[in-house]
2 protein chains.
Amino acid sequence: MDTPEGPLPERLRTLPSRLTNGAALIANRLVDQALAQAGARRYHYALLATLEEYGPASQAALGRRTGIDRSDMVTTVNDLAERRFLDRAPDLEDRRRNIITITPAGRGHLADLDRLIAAAQDEYLSPLSAADRQSLIDLLTRLVERHGDKRHQGARPTAPS
Amino acid sequence: MDTPEGPLPERLRTLPSRLTNGAALIANRLVDQALAQAGARRYHYALLATLEEYGPASQAALGRRTGIDRSDMVTTVNDLAERRFLDRAPDLEDRRRNIITITPAGRGHLADLDRLIAAAQDEYLSPLSAADRQSLIDLLTRLVERHGDKRHQGARPTAPS
DNA sequence: TCTGTATTGTTGGTCGCACCAACGTTTGAA
DNA sequence: TTCAAACGTTGGTGCGACCAACAATACAGA
């Protein structure tokens, strides 16, 4: 993109959805570049982080916890299993399910990804002070949690409280 | 998506990039749904808003101001021209260029989109107080502007100040 | 006047994320 | 025994963001 032609119009300049989207593009690009150094994707990190903290679980349960779509979970589990970062075994008590377990290699990989992700977050937030970073996290958390609750309640919109 | 399986792992819960992405998905979904009522897309709004505020300009200049990719600008101009919301005419002084001008119908359409967009922003930000909304806008603006500056400086990364 | 570089607009893509539907197997309540 | 639901899988869709290559045009410089 060439140098810009001057400021955005007023309507767009402080439009929250546009600002959020713009920030997300930046954040995602930095994270994707960082993770690519280890041949990883965002769902890989999300899954390994979840397994590391909560222990073995079914794909469905992992999907419910992380919000990753079931079919994307299949792809993610396949990717990580192929590199031996996790183990997939049928649940003998319920043969509908696989039980997914992080491996020692997976833990090592997660440690690598932790460092890459931390560097990316630092770069992404570099224009902000520590206090501002915390404010941003608080505000975004409240937005996502409140809207996330609404989504889980299906088509019935809740009255704002 | 079913009801969640409990909290996210610590690593993901306050990850700025993930929170930003999550908020952007929500914001975009609300905006897309709102604009769809008028058969519009986000770039349509961005382009009409820019023409309304700054007057006629070439596609390239509009792309530089809005950040819309040149080929996406072609699609956007085509869409809006087809519905007579803008006029595209060759620049007689430089036949490489088209001059894009909003039409009266385009202004009317923009007014409709303004209302739809405002309602979507209100819903998106409904979990936040007015003060918090302003904080979010300030923080996101700083992030986007600082990183946007970096992008325009090509491959030379600036030292953080 | 000619040449070379840049600009403009267009065509034709890629890619990956987020999302969805349908199916077969298994489970368990009724 | 039946049926609805859960689980995992396959096989998609859609779209935004991004990119490359090309033809026509403009203009600076030799």
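We name chains A, B, ... by the order of the sequence lines, and we start the count at 1 in each one.
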Can you see if the side chain of [X] gets near the phosphate of [N] - specifically, an N or O under 4.0 Å from OP1 or OP2?
X: A:N78; N: D:dT9; result: no
X: B:R95; N: D:dA23; result: no
X: B:R97; N: C:dT8; result: yes
X: A:Q59; N: D:dA6; result: no
X: A:R29; N: C:dC15; result: no

Nearest-nucleotide wise, let me know which of B:E93 and B:R41 is further upstream toward the 5' end of DNA chain D.
-> B:R41
Of A:D94 and A:L25, the one whose nearest nucleotide on DNA chain D sits closer to the 5' end is A:D94
Going by modelled atom types, is there a donor-acceptor pair between the base of [N] and the side chain of [X] at under 3.5 Å?
X: B:S71; N: C:dG12; result: yes
X: A:D72; N: C:dC19; result: yes
X: B:R96; N: C:dT7; result: yes

Residues B:D138 and B:Q134: side-chain donor-acceptor under 3.5 angstrom = yes
Using only heavy-atom distances, determine whether the side chains of A:D114 and A:Y45 contain a donor-acceptor pair under 3.5 Å.
-> yes
Salt-bridge criterion met for [X] and [Y] (N-O under 4.0 Å):
X: A:R96; Y: A:D91; value: no
X: B:R133; Y: B:D122; value: yes
X: A:R11; Y: B:E53; value: no

Whole angstroms only, please: what is the [atom1]-[atom2] distance between [X] and [N]?
X: A:I68; N: D:dT9; atom1: CD1; atom2: P; answer: 14 Å
X: B:Y45; N: D:dG16; atom1: OH; atom2: P; answer: 17 Å
X: B:L86; N: C:dG9; atom1: CG; atom2: P; answer: 13 Å
X: A:L92; N: C:dT26; atom1: CG; atom2: C1'; answer: 14 Å
X: B:L62; N: C:dT8; atom1: CG; atom2: C1'; answer: 13 Å
X: B:M73; N: D:dC18; atom1: CE; atom2: P; answer: 13 Å
X: B:I26; N: C:dC17; atom1: CD1; atom2: P; answer: 19 Å
X: A:D69; N: D:dC7; atom1: CG; atom2: C1'; answer: 13 Å

So do A:L125 and A:L136 actually touch side chain to side chain, heavy atoms under 4.5 Å?
-> yes
For the side chain of B:Y43, counting heavy atoms from C-beta on, which of D:dC7, C:dG9, D:dA17 is nearest?
-> D:dA17
Out of C:dT10, C:dA18, C:dA22, minimum distance to the side chain of A:R70 belongs to C:dA22
Strand-adjacent residues in residues 10-22 of chain B, judged by heavy atoms under 4.0 Å from DNA chain D = none
Contact list for residues 101-141 of chain B, test ring pair (Phe, Tyr, Trp, His ring centres under 6.0 Å), sequence neighbours left out = B:F85-B:H109
What is the nucleic acid contact for A:N28, judged by heavy atoms within less than 4.0 Å: base, sugar-phosphate only, or nothing?
-> nothing
Nearest-nucleotide wise, let me know which of A:D91 and A:D32 is further upstream toward the 5' end of DNA chain C.
-> A:D32
Once you round to the nearest 0.5 Å, how far does CD1 of B:I137 lie from CG of B:D132?
-> 11.0 Å
